Every structure is written in C-alpha cells, then in structure tokens.
**Student:** 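Okay, here's the structure, questions in a sec.
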Amino acid sequence: MDRPLIRYSFQPGPSQLYPDIGTYIQEALSEGLLSRYHRDPVWKALYRSAQEAVKTFLGVPSDWLVLFVSSATEAWQILVDASAESPSLHFIQGAFGERWYTLQKNASPFAFSHTVDETLTWPEQVEAASRKYAGAAFVGAVHVETSRGAALPDLPTLRKAFPSALIAIDATSSLGGLQLPWEAGDVWFASVQKCLGLPPGIALMILSPAAQERYGEYPHLRHNTLSYLIRKAQIHQPPFTPNLLGIYLLARSLPNRPPLSETHRRLQARAHTLYQALTEKGYLLPIPEAYRAPTVISATWKDPTKAQEKTEKLEKEGLYLGKGYGKESQTHFRIANFPALPDQAYEELLVRL
Ligand SMILES: *Cc1c(COP(=O)(O)O)cnc(C)c1O
C-alpha cells in the first residue's frame with residue numbers, strides 16, 4: 001500500500017498533532033514511565049497533574065472534576081448507563097448525535113430526541129422542545145457535529161430552557177479550540193484526537209459539582225460505572241490500567257500551549273476566511289450560515305467524479321483532506337480547522353482546491 005507522507009492532515013480526527021508531541025513521547029519512553037506501576041506515587045502525581053493541566057488550560061471551574069476514559073463513544077455509553085432510568089432528550093444534528101441517541105434508546109424506554117431543524121432559529125426550537133419534553137431530566141447534545149460540519153449556535157440556551165435537567169455535551173470537535181461556557185452543561189466530554197490535537201486512545205470527561213453529586217452514589221454495576229469513575233478520579237486514581245501515554249501527553253503538552261482565548265479568536269477568524277474562500281471558489285456550503293461549525297468545515301465537490309483523483313493528488317503533496325462522512329463520502333469534503341494546524345497549511349490547501 002502506497003503511503004504518502006502526510007505533512008498536514010485536515011482530517012477531522014484523528015487530526016494533525018501538535019509538533020511537540022514527539023518530544024513528549026520520547027521523554028515518556030526514556031524515563032521508563034510506560035513500564036512503571038500505574039498506581040505508584042509517580043503516576044498518582046502525573047494523573048493529578050493531567051487533571052490540573054486540563055482544568056487550567058480549558059478554564060474549568062476549580063470544583064469540577066476531570067476524569068479519563070478511552071473514547072467519546074465510551075463516554076456516551078457511561079452516560080447512557082447512568083441516565084437510562086430518567087426521561088431523556090437528545091438533540092440530533094448528524095451521525096454522532098444519532099449514534100449517541102440510539103444507545104440511549106436501546107437502554108431506556110424514556111429516550112426522546114429532537115432533530116435540529118436548520119431552517120428554524122436555535123432559540124425558537126429549543127423553546128418548543130422544552131415545552132414538548134418538559135419532563136426531561138437528562139439532556140444530551142453534540143456541540144460540533146463533526147460528521148456534517150454543523151454546530152449548535154449557543155449552548156446557554158439549553159441551560160435556560162432546561163434549568164433543572166442534567167445537561168451533557170459532547171464537545172469532541174470543539175474542546176481544546178474554542179472557549180466553552182461551562183455553566184451551560186453539567187458533563188462535558190471529548191476524545192483527544194480532534195480539536196485537542198493528541199494521538200487517539202483517550203477521552204476526557206469533565207463533571208460539575210451537581211453531576212458529581214447526582215451520579216456519585218449510583219450503584220457500581222459494571223465496568224466503568226460513572227459513580228466508580230467519579231470516586232476514583234476524586235482521589236486521582238484510574239479504575240483500570242489507563243492509557244498512560246495519553247495521560248502523560250495531556251499533563252505535559254497542555255501547559256505549553258498558547259492561551260485558549262487566543263486560539264479561540266484565531267480559529268474563528270480562520271473559519272471566516274475559509275468559508276469565504278470556498279464560496280469565492282464556487283464550492284457549495286451545505287450547512288446554513290447560522291449552524292456552520294467554526295472547527296469543521298464541510299463543502300460539496302463541484303464535480304464528484306473528480307473528487308477521488310483530486311483527493312489523491314493532494315495526498316501525494318502531503319495534504320490529507322477529510323472526506324464527507326458516510327453517504328456523503330464521495331460528494332463532500334471536510335476541512336478540520338483545528339489549532340494544531342498552522343495558517344500556512346490552509347494557504348497551501350486553498351491554492352490547490
Ligand atoms: C469522533 C467523535 C466521536 C467519537 O469519538 P471516538 O474517540 O471515536 O469514540 C464522538 N462524538 C463526536 C462529536 C465526534 O466527533
């Protein structure tokens with residue numbers, strides 16, 4: 001199999017890694033960290049510094065809890081197990097939201113969903129959904145729907161409409177790039193191989209004090225029951241042998257990144273430039289403006305019969321473009337606007353598109 005060298009990956013996950021990751025991987029190896037007992041004092045301190053690094057970098061309030069699981073998909077299941085007895089409502093905007101809701105529905109007779117109608121305004125449909133599903137005790141929403149390059153325009157609207165529900169937000173394609181309104185949710189989670197620019201194999205869950213209280217006492221029924229994860233994370237311990245390299249990379253790399261406020265502004269400005277440049281080049285943008293994601297940009301090929309040839313040509317030049325998701329794989333392409341990519345990568349891509 002021909003494997004052209006990738007210089008810049010625009011794939012929305014696994015995504016471009018930060019350039020300093022290699023140094024930290026080498027460091028972990030040369031210190032023998034990956035052969036050290038994961039509950040000894042060294043790892044306990046590293047686990048704790050990874051939790052702290054996440055909170056400091058993202059600006060998470062100090063009384064919130066950070067814990068580590070293996071993927072965002074696992075986080076869905078952990079939340080499904082914890083909330084299956086409650087009436088729930090999932091906002092769906094694409095394939096990832098759909099999959100999360102399907103897991104909920106398979107486990108719970110009280111699972112409802114609202115498919116985001118992109119011809120309506122966001123506040124108006126949230127308001128309508130809150131009247132229709134007034135009893136929802138658990139609300140799930142995907143901030144940036146990676147599969148379509150769509151996003152929910154405003155998360156605090158959910159909190160206002162569902163003041164007493166527990167709100168869980170899948171922020172896989174925004175966490176690490178955009179500043180997030182923590183108080184709008186109770187549980188936030190993300191895999192690290194998208195906007196965070198780290199190698200795959202670990203995900204973060206970030207829990208408000210309310211979520212820790214609500215789920216902390218839940219019976220420990222099976223592997224990775226949320227209550228057990230919470231109790232262990234509160235004493236800086238993993239419940240199983242975790243992805244130690246992933247934890248090390250979080251602890252080591254996040255403190256060296258530019259401030260998130262700066263990154264947020266940089267990504268917003270770059271998204272604006274990209275959407276405008278694609279429009280000027282005659283590409284159609286399938287998502288209405290109000291719902292376009294700043295971090296994952298989707299466009300349709302002008303001539304789908306040439307899509308494969310064009311993608312392969314780009315790849316030979318070291319530019320790895322994201323395909324459309326699922327049934328859109330031949331008709332659409334996606335460009336991750338993630339912080340690990342330098343502006344120059346987009347300049348190179350745009351002149352070739
Ligand atoms: C990629 C992605 C997931 C799944 O992540 P895994 O690490 O493969 O489990 C879930 N939600 C969103 C929004 C994603 O982009």
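All heavy atoms count here, side chains included; hydrogens, waters and symmetry mates do not. None of these values were measured; they are calculated from a predicted model. For ligands, and for the atoms within them, numbers begin at 1 and follow the listed sequence.
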**Student:** Would you mind writing out a table of all protein N or O atoms found under 3.5 Å from any N or O atom of ligand 1, naming both atoms and giving the distance to 0.1 Å?
**Tutor:**
from	atom 1	to	atom 2	distance (Å)
ligand 1	5 (O)	Ser191	OG	3.2
ligand 1	7 (O)	Ser191	OG	2.6
ligand 1	7 (O)	Gln193	NE2	2.9
ligand 1	9 (O)	Ala72	N	3.3
ligand 1	9 (O)	Thr73	N	2.8
ligand 1	9 (O)	Thr73	OG1	2.5
ligand 1	11 (N)	Asp170	OD2	2.6
ligand 1	15 (O)	Thr146	OG1	2.4
ligand 1	15 (O)	Lys194	NZ	2.7

**Student:** My understanding is that only residues two or more places apart in sequence, or in another chain, count here; which of them pass side-chain hydrogen bond (donor to acceptor under 3.5 Å, both in side chains) with Ser70?
**Tutor:**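 For Ser70, the residues satisfying side-chain hydrogen bond (donor to acceptor under 3.5 Å, both in side chains) (neighbours in sequence not counted) are Glu74.
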**Student:** Anything under 30° is parallel, anything over 60° is perpendicular, the rest tilted; go ahead and classify Tyr283 against Trp301.
**Tutor:**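 Geometry flag for Trp301 against Tyr283: perpendicular rings.
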**Student:** Under 4.0 Å between a Lys/Arg side-chain N and an Asp/Glu carboxylate O for Lys44 and Asp40?
**Tutor:**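 The answer is no: the pair does not qualify as a salt bridge.
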**Student:** Does this structure show an ion pair linking Arg131 with Glu127, if we count only N-O contacts that are shorter than 4.0 Å?
**Tutor:**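 Yes, charged N to carboxylate O under 4.0 Å.
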**Student:** Do Asp20 and Arg257 meet the salt-bridge criterion of a basic N to acidic O distance under 4.0 Å?
**Tutor:**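 Looking at Asp20 together with Arg257, the answer is no, because their closest N to O distance does not fall below 4.0 Å.
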**Student:** So that I know where these two stand, are His114 and Phe91 an aromatic pair - ring centroids less than 6.0 Å apart?
**Tutor:**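 That pair passes the under 6.0 Å test.
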